[in-house]
Structures are given as structure tokens and as C-alpha cells.
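To start, the structure under review is shown below, and the notes come after it.
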Amino acid sequence: MKTLLALVCLAAPQDDPGSILEKYRAARPAEGALAIYRLDWAPDLKSALERAGKEKRPVFFIATHQLEDAGSLYDGHC
Amino acid sequence: MRGGPLSDADVVGALQSFIVSSWAQKDRKEPPPEVDRLLQRSRHRSGSNVACFVLGSDGKLLNSFNGFPGGTGNPGRTSMKEIARYFVSEIAKAKAQGPRRENPLLLPDVRNGVRIFVRLPDPRMFESYRCPVVQTVADEGEWKTLGKSDGSREIDAAKLARWLRLCYPPGMNEQLKPYDKVEGTLVLKPAAGGTAILAGAVRLSADRGSFRGTFRAVLAYSGEAPEVTGVLEGTYVRVGSMGRQEFTLVAAIESRR
């Protein structure tokens with residue numbers, strides 16, 4: 001990213017990559033909107049329980065059922 | 001759920017000592033045995049299709065509760081802050097023991113590919129719709145497609161379908177799977193400083209959702225694969241029980257190594 005920004009500073013007047021990067025920065029969520037990734041996620045209940053035993057930590061588990069289809073809480077299509 | 005309590009600072013704080021996991025039913029498949037056992041034990045108290053469980057480090061069930069307060073299944077009737085307070089209270093009831101810790105922000109990541117953030121920044125929607133989707137896609141030929149060239153050239157947007165088909169919004173009950181079709185023509189044009197600009201109109205479509213907009217990216221060539229920093233902007237069209245609705249959708253796409 002640093003390389004890219006440095007190159008863009010040189011190129012901005014004619015190619016306007018600066019405006020693309022500006023839009024990219026505006027589109028990328030702020031850290032506060034990504035708080036869900038401050039949770040310590042395990043890919044499934046089985047591995048969460050295995051880790052819990054080893055690390056002496058509790059588990060919080062959410063199940064979404066009775067849907068024709070459902071997305072994933074972790075990536076966001078839910 | 002994701003855009004509500006699981007993104008609330010108080011709930012995230014209450015879960016700092018926990019290992020967190022989830023399961024969502026897909027294609028009417030039966031849950032794995034360990035999940036099924038928990039669901040059986042929660043049926044008497046769950047008022048929606050979302051059930052939450054607090055388990056001890058030994059796997060013992062300490063508390064289970066409906067994903068929405070008041071025995072409802074409708075998050076639209078309760079503010080996200082109220083739902084968050086309910087979660088904190090139910091988590092505390094379990095009296096789960098574990099070491100306090102401060103977890104770093106760990107985004108989904110991929111060793112060689114792109115990370116995609118999708119947002120639906122529309123004030124008409126519940127807060128939960130505005131929580132970003134974060135997905136990763138490992139390279140399977142996209143870098144080759146975007147290889148450096150001396151002159152301008154056209155690239156079929158379908159060559160980047162593995163990225164673009166994932167740019168559908170969170171929380172849309174009508175579209176829970178990636179777009180089926182990716183159409184459009186992108187132009188890759190060399191720019192100053194060894195960079196290139198990739199830009200063009202794209203149309204993405206699924207059974208009950210579609211998108212029209214533009215994809216623009218800056219590409220830098222300093223290693224074997226280009227460094228990509230791009231943005232997809234346009235209009236998402238939802239067709240469902242509320243008829244046809246249009247929303248602004250944005251996605252940020254960044255390469256990862």
C-alpha cells in the first residue's frame with residue numbers, strides 16, 4: 001500500500017488514481033464498524049470446544065436454524 | 001445479529017474471554033450432532049430462529065437464550081442498543097469463568113488474493129444492514145488476467161467474477177448466495193509511475209437481486225502480482241416482498257499477500 005500511495009502521488013495529475021484511492025478509503029469500513037473481528041472466532045462449535053478445554057475459556061455459540069438458506073455470521077452474509 | 005449485538009462495544013467487551021462460533025443452516029441440511037444437542041435443549045425457550053448458548057470450558061451449557069429480547073423474532077421492533085443490553089445481561093447470567101483478554105482486530109485474510117468489504121450505506125435500512133461483509137478470495141488466475149501490458153486492453157469483467165459475484169449486500173433475505181452472472185467490459189490502461197488504471201461498467205445479477213455500477217482500481221506492479229486497490233460503486237436492486245427497491249452499494253477491494 002505504501003508503494004502504491006507513493007506511485008500515485010507521482011501519477012495523480014494525469015491519471016487520477018488519487019480519486020480512485022480516495023473512493024476506496026471512503027468505501028473501506030472504519031475500524032469501529034469491524035468490531036465483530038475483535039471477537040476470538042473459531043470456525044465451528046467442535047473446534048471451539050476443543051480450544052475451550054485446552055485454554056480454559058468459555059464458549060459463546062449462535063445457531064441460526066429453520067431457514068431455507070442462511071449466510072455466515074463471520075463473513076456477514078446473514 | 002452480526003450488525004447488532006455482535007458489533008456492539010459492550011457485547012464485544014463482555015465476550016473478550018470467550019471463544020465465539022456460529023452455525024447457520026444451509027440447504028436444509030441437518031446440524032452436526034454437537035449443534036443439534038444444543039438446539040434440542042433450547043427449543044423450550046427460543047422465540048426465533050436464532051438461539052444463543054453460553055458454554056463453560058468443559059462444554060457444560062451455562063445459559064441459552066433467544067437471539068432477540070422479549071421472545072420475539074423481529075429485530076425491527078427493538079433498538080440495537082436494547083438488544084445489546086439484553087445480550088450482556090444474558091451472558092452475565094451464565095457466570096462463565098475465563099481469563100480477561102484484549103483481542104486484536106483480526107480481519108478475514110488470505111495469503112495471496114483479495115479482501116473485499118461490502119457495505120450498504122443506506123439510512124432507510126436497519127443498522128444491521130449497514131454492517132460490512134468481509135470476504136477473501138485466493139488468487140486463481142486473476143493476477144495473470146491483470147498482468148502488466150504496454151498499451152490499453154479490454155478485460156471481460158467475468159474474468160474477475162470470483163471477486164465481483166461476492167459484492168452483494170448483508171442481511172438481504174432475498175439474496176443469500178453470490179450473483180450468478182457477471183457482465184461488463186473493463187479497460188486496463190497504463191498510467192504514470194508504473195501503475196495502471198482498471199475501470200469499467202459492470203452488471204451483476206442473481207434471481208432476486210442485481211447490481212449496476214462501476215469498478216475502478218489502481219494497480220501497481222512491483223512484484224510478481226499486481227497490487228490492487230479498487231472500489232465498486234453503484235445501485236443494488238432488491239426484488240422481494242416489498243416490491244422493487246434500490247440501494248447504494250459500495251465495495252472496497254484490496255490485494256493481500
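Residue numbers start from 1 in every chain, and the chains themselves are labelled A, B, ... in the order their sequence lines are given, proteins ahead of strands.
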Under 4.5 Å, counting heavy-atom pairs only, tell me which of [options] racks up the most with chain A.
options                              : value
B/Val20, B/Asn103, B/Leu15           : B/Val20
B/Thr136, B/Leu105, B/Ile91, B/Val54 : B/Leu105
B/Leu106, B/Leu62, B/Val11           : B/Leu106
B/Asp58, B/Leu107, B/Val250          : B/Leu107
B/Pro108, B/Ala96, B/Gly98           : B/Pro108

Is chain A contacted by the side chain of [X], its backbone, both, or neither, given a heavy-atom distance below 4.5 Å?
X        : value
B/Leu232 : neither
B/Gln16  : both
B/Pro104 : backbone
B/Ala199 : neither
B/Ala251 : backbone
B/Arg115 : side chain

### Summary
Taken to the nearest 0.5 Å, the spacing of B/Gln25 CD from B/Leu39 CG works out to 8.5 Å
### From CG (B/Asn63) to CG (B/Leu55), nearest 0.5 Å
10.0 Å
### Task
For this output row, return yes or no: ring centroids of B/Phe65 and B/Phe87 closer than 6.0 angstrom.
yes
Considering only heavy atoms from C-beta outward, does the side chain of [X] approach that of [Y] to under 4.5 Å?
X        : Y        : answer
B/Val118 : B/Gln135 : no
B/Glu254 : B/Phe117 : yes
B/Asp8   : B/Val12  : no

### Heavy-atom pairs under 4.5 Å with chain B, option from A/Ala63, A/Ala42, A/Ala26, A/Ser47 with the top count
A/Ala63
### Task
Considering only heavy atoms and a distance below 4.5 Å, find which of A/Ala35, A/Pro29, A/Gly32, A/Gly53 pairs most often with chain B.
A/Pro29
### Message
Assess, by modelled atom type and distance only, whether the side chains of B/Ser21 and A/Asp44 contain a donor and an acceptor separated by less than 3.5 Å.
### Response
no
### Task
Run the salt-bridge test on A/Arg25 and A/Glu22 with the 4.0 Å N-O cut-off and return the result as yes or no.
no
### Check: B/Pro178 main-chain N/O paired with B/Arg165 side-chain donor or acceptor under 3.5 Å
no
